[in-house]
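Have a look at the structure below, then the notes.
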Amino acid sequence: MFTVAICLFTSGGLLLLKARRFGRAAYISGFAALYVAGYFIDLINAAEYSGKSYLYDLLFAVLQVAALSAYLFLNQRVKKFLVD
């Protein structure tokens with residue numbers, strides 16, 4: 001899972017550098033997949049956290065993905081770069 005997340009994150013970054021249409025979605029998907037991979041790593045290693053810690057981690061992840069999405073999809077400079 002971690003390898004898939006890294007590949008998706010890297011390919012999204014490369015697509016953004018090349019100003020491709022699906023670069024934003026791939027980058028955000030890779031970013032979110034890194035959080036999911038982190039939870040799988042915790043499960044594999046049998047790390048124990050309180051429910052409150054998972055809630056804060058999830059809230060932090062959602063806020064970061066929302067902020068990144070807002071920047072990549074709502075910023076006029078990014079839109080202009082990806083359209084031109």
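Side-chain atoms are counted along with the backbone in the values below, which use heavy atoms only and exclude waters and symmetry mates.
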ILVMFWY network linking [X] to [Y], side-chain heavy atoms under 4.5 angstrom:
X	Y	result
Val4	Tyr39	no
Phe22	Ile28	no
Ile41	Phe31	yes
Leu72	Leu15	no

Heavy-atom check, side chain of Tyr27 versus side chain of Leu14, under 4.5 Å: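 Not touching, per the 4.5 Å side-chain cut-off.
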Non-neighbouring partners of Ala61 that pass side chain to side chain contact (heavy atoms under 4.5 Å, CB included), sequence neighbours left out: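 Partners of Ala61 by the side chain to side chain contact (heavy atoms under 4.5 Å, CB included) criterion, ordered by chain and then number, come out as Tyr35.
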Which distance, rounded to the nearest 0.5 Å, do you find between the [atom1] of [X] and the [atom2] of [Y]?
X	Y	atom1	atom2	result
Arg20	Ser11	CZ	OG	13.0 Å
Leu8	Leu34	CG	CG	8.5 Å
Arg24	Asn75	CZ	CG	10.0 Å
Phe60	Leu63	CZ	CG	8.5 Å

Atom CZ of Phe40 with >12 non-hydrogen neighbours under 6.0 angstrom: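 Not more than 12 within 6.0 Å, no.
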